[in-house]
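Computed from a predicted structure; not experimentally measured. Quick note on labels: first sequence line is chain A, next is B, and so on, each numbered from 1.
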Amino acid sequence: MYPFREIEKKWQKYWKEHQTFKTDVWDFSKPKYYVLDMFPYPSGVGLHAGHVEGYTATDIVSRMKRMQGYNVLHPMGYDSFGLPAEQYAVQTGNHPNGFTEKNIAYFSEQLNTLGFDYDWDKMVSTSDPTYYHWTQWIFKRLYEDGYAKYIDMPVNWCEKLGTVLSNDEVIDGKSERGGYPVVRKNMKQLCIDQPAFAEKLLEGLDEIDWPESTKEMQRNWIGKSIGAHVTFQIKGYDKEFTVFTTRCDTLFGATYCVLAPEHEYVNLITSEEHKEEVKKYQAICASKSDLERTELNKEKTGVFTGAYAINPVNQQEIPIYISDYVLASYGTGAIMAVPAHDERDYEFAKKFNIPIIQVLEEVTGTPHENEFEKQSIVAVVYNPKTKKYLTLNWHDKGGRLFIGGTRKEKEDALSCALREIKEETGYVHLTLEAELPKINHHYYAYNKDKYFHIESTGFLFYLKDEIQDEKELEDDEEFTIEWVDEKTLEEIKDPLHNKTYQYAKHPGAMVGDGVHINSEFLNGMNKQEAIDTMIKWLEEHHCGSRKVNYKFREWIFARQRYWGEPVPIVHLEDGEDYVLEDEELPLILPELEDYKGHNGKAPLENATEWKKYTTKDGRKGFRETSTMPGSAGSSWYYFRYIDPKNETMFCDPELAKHWLPVDLYMGGPEHAVGHLMYARIWNRYLYDKGLSPVKEPFKKLVHQGMILGENGIKMGKRYPEYAIDPKDIARDYGADTLRLYEMFMGPIEASKPWSASGVEGAKRFIERVWRFFTNVDHIVDDNDGHLTKIYHQTVKKVTDDYENLGFNTAISQMMIFVNECYRIGHCPREYAEGFIKMISCIIPHVGEEMWQILGHNETIAYQKWPQYDEKYLVEEEKEIAVQVNGKVRATIKVHLEDTERQIEEKALQEENVKRHIEGKQIVKIILIKGRICNIVVK
RNA sequence: GCUUGUGUGGCGGAAUUGGUAGACGCGCACGACUCAAAAUCGUGUGGCCUUUGGUCAUGAGGGUUCGAUUCCCUCCACAAGCACCA
């Protein structure tokens, strides 16, 4: 047993006293490495197992980089504005500062207990006025440049919390904190213009090393879509409205328009007779929370306004509806509806009996010159009683098909289908279930030796009864009539019939690509050509244009809370908004007698004196009493760590230029679109302004996975009984054990269940290491070469794995090395020291102690990282597998200099190999050097 | 529904320019040490069989290949995120 309590305390004290991990940021002589953790909110609960995982990972990397000669910046700080401190203030009437400072002290103590190598001189805390001074300073620039502004807009209002919430603070229509209901409400809001950065943020994603899932989430969040604006005149009014569409190529198929219930024209255009119904529908929509609105979207609802829009391409008058499936907050809040080619419009049109006009046909088969044109049908007949489909089996003359046929002159498609069914199968009692989209099919008919180009209309019929009119049936047909199940329909390979079946199975809108019909100047074009042509047409006729639209909305930048950064804006009595001068910053958060906001108002409304403000030229006004959201301070803290005490700038530009970007950023995936997006926006703004040296602040991002309870259940609020407290583990097993165990659990990004016996195993390994390397008899000065190969392999593997954050496999390799040391019974000093250096990154306390026992007086933290020599990694003799027809039959030892012929001979001499090739002919022998020898026999 | 991942022994997990599947650890069994136990050290440990060998096996089913956990297609399950985005 190693005395971990004494050792851990001893080295924590040593590091503190010797300022071992102090970073001289002005030392540019060494290459820099900036490794960053997402700083925690200093809750009273302290660290949890998930914190430890991420922090240990960055700690290991920072320790290795330091030993590799980098000047490492590995800071820690606190995102200290937030709700728990505010609730404490409301309840006790005390300023939240004391609460916050107490928690910070507790957190810092815990972090030190775990032996992390932070430079505490660089600590920042977002609620500290010397910090939020610069949050306000950057905000001021955003405001002055027009990126922060007041906008009247619908917001997520939480009555219970008395505040406005951002979209990512609302989960399923409820507040993220507390789970209270959230409703939409129109309010004047201080916003940051995120869409202005959308394109730059999208581009930036391509140049950073982030998890693909996170990048994809950000792309989805930005939600770019390329389309067009199309303007519709309103019949009888000198008014027009604009819709956004990604499918302007289908404009000829637009059979109605829909306005969002909140659209500004709704009241204007609604005809007298529809007024009442429209008002009622609007009222229903307004009362719905976002949750109800999405819950109730199973079936489409809406009402007709009585007004008509004029389709600009063909002057057709189409009805205007309102419906909540059109969102006021996206695009223009109005759409053109093309039921034939949009699922939602299809659903709506079906329900309200609106015409469906197909303007795009799927193309099947291959076009050919000199085709004969025909119109035809394919009829799918389904018997709901037996759940079978009617097919004609043409056997070797064309396989299994549905009923098909050519339309006679002047015959409509439906009559043709019914006639064909009757003629070929005799069934007469059918109900038309659906007319399916037309298909454009090219084929070659062998029996006629002709190429055909047909337009086929598909039908889905349900069989009413099995009465057959056999009069018209011919006896000598070449097919047999067969009722088959769904599985058998897979036999249908004919592209036309196959496609028809797919439409029959899922009747609805045709959303794919194809060839345009019923579209005048677009006829014959595919989707993309038609879109381009239509945009040109719209622009020439001044009724539309190309348009890029984003889901990304304004970021509401004010909360009716106390414990946040005050906004440095004053609302003057003359209506003007005045932003404070730089010299007036920081605007300090005043102490209050009552920290509670009343009637949904911000708590700072209680600061009656503080609120009042008079400009130098005597204009009076009141300060903004909302504070900034939690994500404000965390949007730029990576700058401040570099230069935390600077009183004249948020960060010295020369230092920023040297230290940014962050080389490795570690934190939970829950921040994928919140903090990580906001931080990128602030940095991008600063970059454009010449205040940040980099387009992207975080070069490489890694998310640590979640640590689950022993039974695989999420730890945390819902199941506190499964929670593992790192404090307890560190106390009972040591910080080093906790660190080692968490790193050995599995890949850093995976979610992994906790295992108590796994912790035991980690402790056992540390003790095994301790017993071996602290025993002077084991450490020898002459190298007998027994460990040479394994040592160099270990150095390579551990170095590579640490670099790639593959700590579980690095530890595994070190275990193999230790096992080998035990087997040999001794270890050369050089290897022992190299090994201790490597493992000290994970178990720094034991690492330092062993280093000292080996006779060193200085900390191990700045020792030179062990090197490996490629020449020891090359294996002179290697065991390779001999396969016969891909199955391993023997293993043979081969030398590096063996020729292929020698190896093959050796392989063929193996008894077991001989047995398997006996009496067979060797076709070929595949020999991959150093890997495998496969003998193929017949 | 859509997007992105994941799926390997009793358990956590190794192994991908395609080349001996199951490294390392946990658990379990046995042995050494001990009066004994713990600790420690060592050996073994995917299933099945006729066991110096054979055979099956990486969510299921197909395909490509001399050879597939790895590449391709279809499907299933789980996780996270998005969800009427026109």
Under 3.5 Å, is there a donor-acceptor pair between the side chain of A:Tyr281 and the main chain of A:Thr301? yes
If we ignore hydrogens and angles and just use 3.5 Å, is the side chain of A:Tyr550 paired with the main-chain N or O of A:Gln194 as donor and acceptor? no
Among residues 224-232 of chain A, which contact RNA chain B at a heavy-atom distance under 4.0 Å? A:Ser225
Does [N] have a Watson-Crick or wobble mate here (both distances under 3.5 Å), and if so which one?
N: B:rU55; value: B:rG47
N: B:rC35; value: none
N: B:rC30; value: B:rG42
N: B:rU3; value: B:rA80
N: B:rA21; value: none

Begin from the C-alpha positions of A:Tyr265 and A:Phe241 and carry the test ring pair (Phe, Tyr, Trp, His ring centres under 6.0 Å) through to its verdict. CA-CA 8 Å; A:Tyr265 282 1; A:Phe241 66 92; 7.3 Å; no
Could you measure between the two P atoms, the one in B:rU4 and the one in B:rC73, and give it in whole Å? 13 Å
C1' atom, B:rA36 versus B:rU20: distance in rounded Å? 45 Å
Would you say A:Asn808 reaches B:rG12's phosphate, i.e. side-chain N/O to OP1/OP2 under 4.0 Å? no
Would you mind classifying the nucleic acid contact of A:Thr809 as base, sugar-phosphate or nothing, using non-hydrogen atoms under 4.0 angstrom? sugar-phosphate
How close or far is atom P of B:rC84 from atom CG of A:Asp342, stated in whole angstroms? 13 Å
